[in-house]
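First comes the structure, then the notes that go with it.
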Amino acid sequence: NRLRKIWNFERWSAPEKHGELWFYSHNDGLQNQSVLFVTADPSRPGRVLLDPNKLSADGTIALAEQAVSADGRLFAYALSDAGSDWQTWHVRDVQSGHDLPDVLEWSKVSGASWRKDGSGFYYIAYDAPGSSDALKAANAYQKLLFHKLGTPQSQDVLIYTRRDDPNWYLSGRVTDDGRYLVIEATRGDQVENTVLIQDLSRPDAAVAPVIAEPNAVYDVI
């Protein structure tokens with residue numbers, strides 16, 4: 001009863017603006033997961049964009065990650081089932097509230113980063129495991145992929161991976177101006193990272209190392 005009293009208070013996230021829309025989450029007090037809202041006017045209550053509490057009757061599907069396109073039209077979100085680290089990505093049309101056909105599986109420890117034109121997004125995935133090993137096999141050789149909206153996952157473009165060691169962990173994000181894809185890689189439990197860049201203004205530009213060896217912690221501003 002004491003814990004219930006402490007936890008039972010209304011709360012919001014700070015709103016984020018994408019295009020002409022504002023996005024925020026709200027929890028009425030004891031909801032297992034906060035509900036995502038969208039509004040064109042932050043002084044007025046928003047409409048529900050996604051209520052993760054309604055994704056499964058027993059509450060075992062969780063919202064793991066989310067990313068809104070720069071213009072606010074598209075909402076990518078990753079779901080985790082029954083506590084698994086595996087994430088399945090979906091894309092929702094913000095205006096209609098309906099999901100697009102795009103479904104991306106075998107993602108793990110991954111956010112998403114949209115291209116500024118909204119044509120697709122970058123994410124992290126592994127090769128699909130065997131059916132009997134999906135929840136217990138070790139995962140190796142992460143891949144940074146680009147998913148173009150409206151295409152099957154089998155056509156996603158491999159942007160970067162490391163084959164010299166199975167325990168490299170990757171991340172990829174598009175810079176605020178949309179010019180570059182920034183890739184960072186760390187090995188195992190190390191915090192030191194490499195940094196690589198792909199110039200998105202040039203078709204078929206190669207991924208080029210900026211910091212080739214992980215001898216310190218680096219970030220790109």
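Scope of the values below: all heavy atoms of this structure, side chains included, with no hydrogens, waters or symmetry mates.
- Pairing each heavy atom of Tyr126 with each of Ala140, the nearest pair is CD2-O, 3.3 Å.
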Donor-acceptor contacts, no H, no angles, side chain residues 48-55, under 3.5 Å, sequence neighbours left out:
residue, atom, partner, partner atom, Å
Asp51, OD1, Asn53, N, 3.0
Asp51, OD1, Asn53, ND2, 2.9
Asn53, OD1, Gln33, N, 2.9
Asn53, ND2, Gln33, O, 2.7

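- In this view, Trp89 and Ser107 satisfy the side chain to side chain donor-acceptor pair (under 3.5 Å) rule, not counting sequence neighbours.
- The cluster map of Ile, Leu, Val, Met, Phe, Trp and Tyr, joined by side-chain heavy atoms under 4.5 Å apart, puts Tyr77 and Ile61 in the same cluster.
- Not a single donor-acceptor pair under 3.5 Å links the side chain of Ser34 to the backbone N or O of Ser25.
- Geometrically, Arg11 engages Phe9 in a cation-pi contact defined by less than 6.0 Å to the ring centre and at most 45° from the axis.
- In this structure a side-chain-to-backbone donor-acceptor pair under 3.5 Å is present from Gln31 to Asp28.
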Side chain to side chain donor-acceptor pair (under 3.5 Å), that's the test. Do Thr39 and Asp41 meet it? Break it down for me. CA-CA 5 Å; Thr39 181; Asp41 182 354; 5.9 Å; no
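- If you check the side chains of His90 and Asp102, you find no donor sitting under 3.5 Å from an acceptor.
- For the side-chain contact (heavy atoms from CB on, under 4.5 Å) with Tyr169, the lone residue among Thr186, Asn193, Val109, Asp189 that qualifies is Thr186.
- Within a 6.0 Å radius of CD in Gln95, no more than 12 heavy atoms belonging to other residues, nucleotides or ligands are found.
- A salt bridge does not link Asp93 to Arg73: none of the charged side-chain nitrogens sits closer than 4.0 Å to a carboxylate oxygen.
- Within a 6.0 Å radius of CD in Glu213, no more than 12 heavy atoms belonging to other residues, nucleotides or ligands are found.
- In this structure a side-chain-to-backbone donor-acceptor pair under 3.5 Å is present from Thr175 to Tyr180.
- Within 6.0 Å of the CH2 atom in Trp7, the count of heavy atoms belonging to other residues, nucleotides or ligands does not exceed 12.
- Note on Arg187 versus Asp164: salt bridge recorded, some NZ/NE/NH1/NH2 to OD/OE distance being below 4.0 Å.
- By the neighbour-count criterion of 12 heavy atoms within 6.0 Å, atom CG of Asp176 is sparsely surrounded, having that number or fewer from other residues, nucleotides or ligands.
- Between Leu74 and Val94 there is no side-chain heavy-atom pair separated by less than 4.5 Å.
- Remark: Arg115 qualifies as a cation-pi partner of Phe146 under the 6.0 Å distance and 45° angle criteria applied to the six-membered ring.
- Looking only at distances, a side-chain donor or acceptor of Thr151 sits under 3.5 Å from a matching main-chain atom of Lys148.
- Counting heavy-atom neighbours within 6.0 Å of Asn1 CG, excluding the residue itself, gives a total of 12 or less.
- What you find for Leu104 and Phe121 is that their closest heavy atoms are CD1-CZ, 3.5 Å.
- Remark: side-chain polar atoms of Thr194 are not paired, donor with acceptor, to backbone N or O of Pro214 under 3.5 angstrom.
- Residues Lys108 and Gln142 approach most closely at O-NE2, 3.8 Å, considering heavy atoms.
- Listed for the Ser110 side chain is a donor-acceptor partner under 3.5 Å among the backbone atoms of Ile124.
- Aromatic ring orientation, Phe37 versus Tyr24: parallel (interplanar angle below 30°, classes split at 30° and 60°).
- The environment of Glu16 atom CD is sparse: at most 12 non-hydrogen atoms of other residues, nucleotides or ligands sit within 6.0 angstrom.
- Shown here for Ile159 and Val207, the closest heavy-atom pair between the two residues is O-CG2, 3.8 Å.
- Geometrically, Arg173 does not engage Tyr122 in a cation-pi contact defined by less than 6.0 Å to the ring centre and at most 45° from the axis.
- Taking every heavy atom of both residues into account, Leu145 and Leu158 meet most closely at CD2-CA, 3.6 Å.
- Remark: side-chain polar atoms of Gln153 are paired, donor with acceptor, to backbone N or O of Glu105 under 3.5 angstrom.
- The nearest pair of heavy atoms linking Leu170 to Leu144 is CD1-N, 3.9 Å.
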